[in-house]
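First up is the structure itself, then whatever we jot down about it.
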Amino acid sequence: MAPNDPEIFLQLGFLAKVTGDLPEATRYLRRARDLGYQPLDFVEQEIRFCNGRRASAVRASSPDKKRLPLRVYMSSITGLPFDENGGDLRKRFGAAHYSYAFFMRGFIAALEALEVPFTTILNPEYIPDVNELSDAEINVHIGFYPPEDVRFLKGAYNVLSVAWEFERLRNVAETISYHAFADTVRMLGRANEIWSISSYGAEAFRRSGLQRVETVAVPIIGAHKSSRQFGRPDRPGWGEIERAASVLGNISWVPLAVTPHFRTEVNEEAERRRSDLLSLLFTGDDASENEDGPPVIFLSVFNVHDYRKQIRPLIEAFVQYSQTNRNSYLLFKVTRVAWNDDPVSEQIYNDQMFNPGDILPPFVSDRIWITGDVLTRDQMLSLYDCAGFYVCTSHAEGQNFPMMEAMARGVVPVSVDNSAMASYIRSDNAIIIPSFIAPFTRRLTQRYGLYGVSTWYSAAEDIYTALCLASEMNAENYVAHSAAASRTINDQFGVETLRAALDRIATKTKASDTGENN
């Protein structure tokens with residue numbers, strides 16, 4: 001129609017790019033550039049993008065080299081894996097779906113332990129047929145994506161590792177986007193398999209009409225203290241707390257200060273009390289009150305912007321509990337988006353405490369301390385080692401990675417046993433917080449866009465009772481629960497589930513290639 005119109009060649013380039021033919025895309029884009037497309041910087045950027053994707057980490061096979069039996073390719077909505085001890089953490093934490101990066105890290109550790117060849121890739125949808133490029137007979141792609149953002153690798157056996165916390169997926173009527181890929185059930189159904197990271201999530205997928213759903217949880221690798229001894233010999237004493245807290249020396253904590261009025265002044269006062277953990281526990285205002293022994297430390301790790309965490313009843317319960325149990329602390333390690341520099345108590349007020357129509361009383365406590373700092377891998381393990389108990393009061397969870405890591409190190413959970421936690425929280429390894437099913441609040445409906453569904457709730461008085469049971473636990477009972485918690489994670493979330501899943505896929509693929517399935 002217009003043979004010298006650069007816009008036509010630009011659009012042809014985009015079409016070639018999304019269908020995976022990057023050399024053709026580059027040719028069209030260069031033609032658009034040569035015909036004078038403006039702005040020039042834009043088309044140059046697209047050319048660089050296509051050239052960069054052509055230099056993908058997908059390995060080309062060599063005709064004179066024996067092909068591998070299987071290779072795993074992995075991609076994630078969060079991009080390539082990152083170093084948990086590096087400076088890349090802060091800009092990733094708190095962003096949408098950041099937990100998928102940790103899912104990928106868990107699978108990487110498991111594949112390394114199994115000695116299965118793997119490659120991590122970016123944008124699998126831009127890669128041509130992987131069978132023409134790979135050095136393996138069988139190519140499996142594990143994509144770590146939320147339901148609304150799935151991606152596939154052409155030519156591979158595509159597995160989607162997905163987290164889901166509620167009783168069903170969003171249906172078409174609840175999908176406000178007109179995008180062709182917005183129907184999550186349809187898009188998930190395009191995968192060869194769906195790996196739900198919990199049994200509860202797998203049932204939710206099946207309830208939504210999906211088939212080929214397996215439960216393959218994220219492996220917990222590297223968190224255990226020892227492969228030979230499970231659990232702890234006792235609750236952390238002064239020595240263990242001091243050693244662990246010293247690793248956290250550059251991490252600062254502020255006391256909880258949630259008030260509906262005068263928030264600026266109260267937050268400023270809380271900031272003036274900012275302290276490191278050693279000073280807080282060993283030289284604080286009430287250090288002289290700790291004559292009964294080391295403090296009982298409760299820990300909870302969560303994204304401050306995540307409505308599922310149900311933190312308000314926990315705070316209500318602990319404020320009451322600490323009035324008669326002064327030798328106890330509740331530590332909140334919170335994740336928040338990198339760009340939000342509001343005081344951490346203000347963020348807890350906005351995203352965890354405030355509910356339109358409620359009259360919120362003030363919650364100010366010198367026994368609840370919060371850090372929004374980014375911790376390295378070693379610091380997170382030390383934080384677990386400080387704690388005697390890990391507290392979870394969530395409405396629902398996909399897997400609850402931090403609590404499972406804490407359990408692997410012998411921390412005893414004080415937790416609900418709903419959704420994903422139903423698979424591993426039991427009376428022999430945890431103090432169970434009762435929870436009951438009720439419909440979504442308007443607040444949850446607004447956030448998650450689900451109508452007519454229910455989730456779990458916990459009452460402050462039940463959380464208070466569980467906290468009391470934890471503090472009253474004798475040494476023998478604590479040791480038994482600690483060992484059971486650690487062993488549960490070791491037995492249920494090691495590498496064997498992944499090994500079995502890959503073996504099953506390999507057998508299935510070979511049978512399909514030889515026609516045995518017919």
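This is a predicted model, so every value here is computed, not measured.
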Close side-chain approach of Q492 and I220, heavy atoms under 4.5 Å: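 They are not in side-chain contact.
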Any luck finding a side-chain donor-acceptor pair between [X] and [Y] under 3.5 Å?
X	Y	value
R409	S486	no
Y73	S134	yes
T175	S177	no
N303	T335	no
R170	S208	no
S75	Y145	yes

R71 charged N/C atom sitting above F118 aromatic ring, 6.0 Å / 45°: no
Of Y390, F318, F302, the residue whose pairing with F332 passes ring pair (Phe, Tyr, Trp, His ring centres under 6.0 Å):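 When Y390, F318, F302 are each tested with F332, the ring pair (Phe, Tyr, Trp, His ring centres under 6.0 Å) holds only for F302.
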More than 12 heavy atoms of other residues, nucleotides or ligands under 6.0 Å from [atom1] of [X]: yes or no?
X	atom1	result
Y384	OH	yes
F14	CZ	yes
R212	CZ	yes
R190	CZ	no

Between atom [atom1] of [X] and atom [atom2] of [Y], what is the distance when rounded to the nearest 0.5 Å?
X	Y	atom1	atom2	result
Y157	L70	OH	CG	11.5 Å
F42	I47	CZ	CD1	11.0 Å
S415	Y424	OG	OH	6.5 Å

Would you call [X]-[Y] a salt bridge at under 4.0 Å N-O?
X	Y	answer
E167	R207	no
R312	E316	yes
E132	K154	no
K17	E24	no

Geometric class of the F107/W195 ring pair [parallel <30°, tilted 30-60°, perpendicular >60°]: parallel
Matching residue for N139 among T509, N158, N131 - test: side-chain hydrogen bond (donor to acceptor under 3.5 Å, both in side chains):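 With N139 as partner, side-chain hydrogen bond (donor to acceptor under 3.5 Å, both in side chains) holds for just one option, N131.
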Verdict with supporting geometry, N429 and H481, side-chain hydrogen bond (donor to acceptor under 3.5 Å, both in side chains): CA-CA 4 Å; N429 65 18; H481 277 68; over 6 Å; no
Qualifying salt bridge (Lys or Arg N to Asp or Glu O under 4.0 Å) pairs, either residue in residues 193-205, two or more places apart: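 Output for this query lists E193-R504, E203-R206.
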Option among Q352, E346, Q347 that satisfies the side-chain contact (heavy atoms from CB on, under 4.5 Å) test with N350: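 Going through Q352, E346, Q347 one by one, the side-chain contact (heavy atoms from CB on, under 4.5 Å) with N350 is satisfied by E346 alone.
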